[in-house]
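To start, the structure itself, in structure tokens.
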Amino acid sequence: MTRLLYFAWVKEKTGIASEDVELPESAGTVADVIAWLKTRGPEFENAFAQEETIRAAVDQTHARADASIAGAREIAFFPPVTGG
């Protein structure tokens with residue numbers, strides 16, 4: 001099981017803050033997880049519609065979309081931080 005965490009508007013759009021899921025075996029990267037999440041319903045499709053803006057952290061380390069999720073216990077998704 002992998003814990004998925006959703007923050008800020010990603011959380012608002014999915015309607016949940018976190019969940020424990022069994023990721024598909026075909027998911028090898030952060031981008032693969034996002035692609036899979038988008039198939040889980042309109043709320044996820046909406047939350048990840050502009051996936052290029054979504055930031056991720058794998059086991060609390062920032063990760064790019066092509067980062068491996070092998071052995072990940074936690075993957076967090078959040079919008080970019082803005083402000084000055």
Side-chain angles (χ1 to χ4, degrees):
M1 296 290 263
T2 304
R3 174 158 287 221
L4 301 181
L5 303 172
Y6 308 101
F7 292 96
W9 55 256
V10 180
K11 175 177 132 183
E12 292 172 12
K13 290 182 178 184
T14 61
I16 55 175
S18 67
E19 62 181 330
D20 294 320
V21 299
E22 194 69 47
L23 295 173
E25 289 183 25
S26 60
T29 66
V30 169
D32 293 338
V33 174
I34 290 173
W36 173 71
L37 286 169
K38 290 168 74 174
T39 69
R40 295 181 65 207
E43 67 275 25
F44 286 93
E45 188 173 341
N46 184 29
F48 291 94
Q50 297 180 344
E51 63 186 75
E52 67 279 0
T53 64
I54 301 289
R55 300 296 181 253
V58 176
D59 291 333
Q60 302 186 6
T61 299
H62 286 271
R64 296 171 30 152
D66 61 353
S68 173
I69 60 160
R73 292 176 298 171
E74 177 185 280
I75 304 171
F77 297 99
F78 47 91
V81 176
T82 59

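Values in this document were obtained by computation on a predicted structure and should not be read as measured data.
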For the residue pair [X] and [Y], what are the closest heavy atoms and their distance?
X	Y	answer
Phe7	Ala76	CE1-CB, 3.8 Å
Ile54	Ala47	CD1-O, 3.8 Å
Ala56	Val30	CB-CG1, 3.7 Å
Ala27	Val33	CB-CG2, 4.2 Å
Gly71	Asp59	O-OD2, 4.1 Å
Ser18	Arg3	OG-NH1, 4.0 Å

Atom [atom1] in [X], atom [atom2] in [Y]: separation rounded to 0.5 Å?
X	Y	atom1	atom2	answer
Trp36	Phe48	CH2	CZ	10.5 Å
Glu43	Glu12	CD	CD	14.5 Å
Thr14	Arg40	OG1	CZ	9.0 Å

Quick one, Asp32 and Ser26 - any side-chain contact, counting heavy atoms below 4.5 Å?
no
I'd like to know if [Y] and [X] are part of one continuous hydrophobic network [Ile/Leu/Val/Met/Phe/Trp/Tyr, side-chain heavy atoms within less than 4.5 Å].
X	Y	result
Trp9	Leu37	yes
Val21	Ile69	yes
Leu23	Val58	yes

Salt bridge (charged side-chain N to carboxylate O under 4.0 Å, His left out) filter on Arg64, not counting sequence neighbours, yields Asp66
Once the angle between the rings of Tyr6 and Phe77 is folded into 0 to 90°, is it parallel (under 30°), tilted (30 to 60°) or perpendicular (over 60°)?
parallel
- So, does Asn46 use its side chain to make a donor-acceptor pair with the main chain of Pro42 at under 3.5 Å? no
Should we count [atom1] of [X] as having more than 12 external heavy atoms under 6.0 Å?
X	atom1	value
Glu52	CD	yes
Gln60	CD	no
Arg73	CZ	no
Lys13	NZ	yes

